[in-house]
Trainee: 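Let me give you the structure first, and then I'll get to my questions.
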Amino acid sequence: MGEPDPFRGDNPFYGPDGDEIIDRVLAGRSVATVYGLALLSVLGIVTVHHWVSRLFNLRWSRKSSRIDKIRGFLISRSPKSEVNRGMSITLLLYTAATFAALFYGACYHPVVLAFRMGIVAVVNTALLYVLGAKHSPLTLLTGWTYENLNVLHRISGALTVLATIIHTVIFLVYYRLDYIVTHSWTMAGVIAGFLYILIGFSSSKRMRATAYEIFYAIHLAGSFISIPAVFFHYPTARPFALVAGAAFAYDRAVRILLDYRLVQCTSRIAPGDTVIVQLSPKTSWPRPFTWAKGQHVFITIIGCGTFESHPFTIASSPNASETMDLIIRAREGFSKRFYDQAVQAGDGAIFKAIIHGPYGVEDIHMPGKQNTLPQHTQPPTETSPLLPVAHDYRPLQKTKVLLISGGAGVAFTYPFYQEFHNNPQFDVQFLWVVPHRSFCEWICVDDKMNVWETREQGRPNVEEMTISFAGNGPCWVAACGPDPLLRAVQNGVAKLISDGHDVHLHIEAFGW
Ligand SMILES: Cc1cc2nc3c(=O)[nH]c(=O)nc-3n(C[C@H](O)[C@H](O)[C@H](O)COP(=O)(O)OP(=O)(O)OC[C@H]3O[C@@H](n4cnc5c(N)ncnc54)[C@H](O)[C@@H]3O)c2cc1C
C-alpha cells in the first residue's frame with residue numbers, strides 16, 4: 001500500500017494544472033535561492049564597506065557635495081519614525097524584496113503560494129536567528145551593534161510570521177486533519193508554525209512594555225523548540241534550520257561560558273527614585289570583568305527578581321573609575337522593587353548580583369579610535385572625495401566632542417566625559433537635560449558641564465544647540481535619552497552633514 005494522499009479533495013498535482021503547479025512549486029526554490037543570495041550580497045557589501053573604512057580609516061571629505069546631502073538625509077528622522085531615514089529605507093527595501101520573493105509567480109494556486117511561503121520563511125529563519133543573537137559574527141563583520149541588528153530582526157520576524165500564517169492556513173485547509181496528526185513531518189510543521197505565530201504575537205510593543213518577562217520566556221523557549229521542528233518538517237528546510245541552530249547555540253554558549261559573573265554590589269539612593277549601584281570587579285566570580293565606554297550589562301539582583309535580568313548602561317569609564325556604576329531609575333517592575341529594597345536597606349547596602357555582558361560595540365569613529373586626529377589641512381578636493389585620514393588631516397588640533405543626554409541617558413555620556421574632558425586634544429561640551437538640579441547627585445558634576453533644569457529653564461532647543469556646537473567640526477556627537485531628544489540631535493547632525501560638515505553621530509536608546 002502506498003503513502004496516503006494528504007489532500008482533502010482532489011490532489012492538485014494530479015489535476016489538469018498539475019504540471020504547471022509542480023513547475024511553479026519548484027521555481028520557488030530558485031526564487032528562494034536568488035532571495036537568499038541577494039541578502040548575502042547586501043551583507044557582503046556592508047561588510048566590505050565596514051572593513052575598508054575601518055582598516056584604511058576612510059572619511060568622506062568633500063564639502064557640500066551631493067553625497068553629503070544624501071548622508072544628511074539618511075541620518076535624519078521623520079517625525080513619526082522610530083529609526084532614521086537610512087534604516088527606514090533599508091527596512092523598506094528588505095520588505096519589498098521579501099514580498100517579491102513571497103509572491104512572485106506564486107499566486108497561481110493556493111498550494112503554490114503555500115510552498116513559496118514555506119521556503120521563503122525558512123530562508124528568513126536563518127537570518128532571524130543570526131540577527132537576534134547577542135553574539136553573532138554579523139557584529140564583527142558589519143560593525144552593526146546588537147541594537148541595530150535587532151531592528152532588522154524585528155522586521156524579519158514579522159515577515160516570517162506573516163509567511164508562516166499563510167503557509168499554515170493553506171495547508172490546514174488543503175490537507176486532511178487525520179493525515180496531519182498522524183505524520184511526524186506535518187506535526188513538526190504544526191509545532192513550528194504554532195510557535196512562530198505565538199512568538200510573533202507575544203513580541204508586540206504592548207506585550208514587551210507590559211509583560212517583558214513573558215515575552216522573553218516565550219521568545220527563548222519558542223525559538224529553541226522551533227529549530228528541531230523546522231528541521232524535521234521538510235528536507236529543504238534543513239540547511240537553514242542548521243544555520244539557525246548554530247547561531248542559537250553559539251550565542252548561548254558564549255553567554256554561558258564567558259558572559260555570566262557573580263558579583264557584589266553596593267547601593268546608594270539618589271533623587272528621582274533612583275538607585276546608584278556600584279559593582280566591584282574585585283568581587284567578580286568566576287572571572288574578573290572589564291568593559292568599554294558606552295556598553296551595557298544585564299543585571300539580576302539575587303533575592304529581587306532572581307529570574308529576571310535587566311539591561312543598564314555602564315555609567316563609569318573603566319579608565320577613570322574602579323567600579324562599574326549603574327544608574328537604575330525605578331519604573332514599575334524589577335527596578336521599582338529593587339529601589340524599595342535599597343531604600344529599606346539604606347545607603348551602602350551590599351547585594352549579590354549576577355551580571356552578563358558587557359554588550360555593545362564601540363563606535364569606530366569615536367575619538368581616539370582613529371590613527372590620527374581628524375583635522376583638515378587642505379580644502380577637500382572635488383576629484384577625490386574619499387581620502388584616507390592620514391593624508392587629509394593634521395594632528396594637534398582639538399577634536400570637538402559633543403555629549404548630549406536626558407535623564408538616565410547620562411549613564412551613556414558620562415564615561416566619555418570622564419575620559420575626554422581633561423584631555424587637551426578634545427574640546428568637550430556636555431549637555432545634560434534633567435527635571436531638577438538635585439539629579440546632579442547621580443554623578444560627579446563639575447562647572448564645565450551644562451546641566452539644563454527643565455523645571456526652571458523649560459525645554460532646551462537641542463537641535464539648535466547641536467548645530468551651533470558641532471558645526472565647523474570635526475565633531476563626534478554622542479547622545480542618549482528620551483526619543484524627542486534623540487530625534488532633535490539626529491536632525492541637527494543631519495543638517496550639518498548635508499552642509500558638508502565633518503560630524504559623526506553615535507546614538508544609544510534605552511529600548512529595543
Ligand atoms: C541597552 C539598554 C540600556 C539601558 N540603560 C538604562 C540605564 O542606564 N538606566 C535606566 O534606568 N534604565 C536603563 N534601561 C532601561 C531599563 O532596562 C528598564 O527600565 C528596566 O529593564 C525596567 O525594568 P522593570 O521590570 O522595572 O520594567 P517595567 O516597569 O515592567 O517596564 C518598563 C519598561 O522597561 C522595559 N523592560 C522591562 N524589562 C526589560 C528587560 N529585561 N530588558 C529590556 N527592557 C525591559 C519594558 O519593555 C518597558 O518598556 C536600559 C535599557 C536598554 C535596552
Side-chain angles (χ1 to χ4, degrees), residues 82 132 134 139 144-151 153-154 202-220 255 259 265 267-279 291-301 304-317 323-342 353-363 403 405-416 432 434-435 439 441-443 478-483 485-486 506-512:
E82 282 181 23
K134 279 213 163 50
T139 305
W144 287 359
T145 62
Y146 163 70
E147 295 82 39
N148 292 147
L149 295 174
N150 201 258
V151 178
H153 169 78
R154 273 187 265 153
S202 65
S203 304
S204 68
K205 205 171 177 180
R206 195 162 171 193
M207 184 78 167
R208 279 183 283 140
T210 51
Y212 194 91
E213 272 66 43
I214 296 177
F215 145 78
Y216 186 76
I218 292 175
H219 227 75
L220 187 64
R255 286 197 209 185
D259 287 356
C265 59
S267 66
R268 170 169 69 84
I269 300 301
D273 296 345
T274 301
V275 191
I276 309 295
V277 172
Q278 294 192 308
L279 300 116
W291 68 98
K293 301 177 289 294
Q295 289 190 305
H296 60 272
V297 279
F298 281 73
I299 187 166
T300 301
I301 301 285
C304 177
T306 306
F307 297 102
E308 294 177 38
S309 77
H310 293 261
F312 293 95
T313 303
I314 303 166
S316 53
S317 156
T323 53
M324 177 194 269
D325 300 350
L326 308 178
I327 298 172
I328 301 184
R329 293 208 72 180
R331 306 282 297 261
E332 280 165 27
F334 153 80
S335 53
K336 173 84 176 81
R337 291 195 308 274
F338 179 52
Y339 174 77
D340 291 340
Q341 270 198 20
I354 297 167
I355 55 166
H356 68 96
Y359 301 112
V361 288
E362 282 190 353
D363 179 9
L403 305 168
S405 58
V410 74
F412 180 70
T413 54
Y414 183 57
F416 294 105
W432 182 25
V434 284
F439 282 60
E441 284 180 32
W442 291 2
I443 54 172
C480 181
D483 199 56
L485 178 131
L486 296 184
H506 189 54
I507 286 269
E508 173 89 352
F510 284 172
W512 40 60

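All ligand and atom numbering here is 1-based and tracks the order in the structure. Just so you know, these numbers come straight off a predicted model, no measurement behind them.
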Trainee: Of Leu279, Thr300, Leu326, which meets side chain to side chain contact (heavy atoms under 4.5 Å, CB included) against Ile355?
Mentor: Leu279
Trainee: Restricting to non-hydrogen atoms, name the atom on Cys480 and the atom on Leu485 that form the minimum distance, rounded to 0.1 Å.
Mentor: O-CD2, 4.0 Å
Trainee: Kindly confirm or rule out an N or O of Ala408 lying under 3.5 angstrom from an N or O of ligand 1.
Mentor: no
Trainee: Between ligand 1 and Gly407, can you find any atom pair, the residue atom being a heavy atom, that is separated by under 4.0 Å?
Mentor: no
Trainee: Quick check on contacts: which atoms of ligand 1 are under 4.0 angstrom from a heavy atom of Arg329?
Mentor: 11 (O)
Trainee: Specify whether Phe215 and Tyr212 have parallel, tilted or perpendicular ring planes, treating 30° as the upper limit for parallel and 60° as the lower limit for perpendicular.
Mentor: perpendicular
Trainee: Checking contacts here: is it the side chain or the backbone of Ala411 that comes within 4.0 Å of ligand 1, counting heavy atoms only? Could be both or neither.
Mentor: side chain
Trainee: If you count the non-hydrogen atoms of other residues, nucleotides and ligands that lie under 6.0 Å from CD1 in Ile214, is the total more than 12?
Mentor: no
Trainee: So does Glu213 have more than 12 non-hydrogen atoms from other groups sitting under 6.0 Å from CD?
Mentor: yes
Trainee: Of the choices Phe215, Phe510, Phe334, Phe338, which has the non-hydrogen atom that lies closest to atom 24 (P) of ligand 1?
Mentor: Phe334
Trainee: Please verify the inter-ring angle class for Phe298 with Tyr359; under 30° counts as parallel, over 60° as perpendicular, anything in between as tilted.
Mentor: perpendicular
Trainee: Name the option, out of Ser309, Ala209, Gly333, Gly305, that contains the heavy atom nearest to atom 31 (O) of ligand 1.
Mentor: Ala209
Trainee: Which pair of heavy atoms, one from Pro415 and one from Ser317, lies closest together, and at what distance?
Mentor: O-CB, 3.6 Å
Trainee: Under 3.5 Å, N or O to N or O, is Glu213 touching ligand 1 that way?
Mentor: no
Trainee: Within a distance under 4.0 Å of any heavy atom of Glu332, pick out the atoms of ligand 1 and give their elements.
Mentor: 26 (O), 29 (O)
Trainee: Restricting to non-hydrogen atoms, name the atom on Lys336 and the atom on Ala330 that form the minimum distance, rounded to 0.1 Å.
Mentor: CA-CB, 4.0 Å
Trainee: Compare Tyr216, Phe412, Tyr212 and give the one whose heavy atom is closest to atom 43 (C) of ligand 1.
Mentor: Tyr212
Trainee: Check whether any N or O atom of Glu508, backbone or side chain, sits under 3.5 Å from an N or O atom of ligand 1, and answer yes or no.
Mentor: no
Trainee: Would Arg208 count as being in polar contact with ligand 1, using the rule that some N or O on each side must be under 3.5 angstrom apart?
Mentor: yes
Trainee: Quick check: His296 and ligand 1, any N/O pair under 3.5 Å apart?
Mentor: no
Trainee: With a 6.0 Å cut-off on the ring centroids, do Phe412 and His506 count as close?
Mentor: yes
Trainee: Do Ile327 and ligand 1 have an N or O pair less than 3.5 Å apart?
Mentor: yes
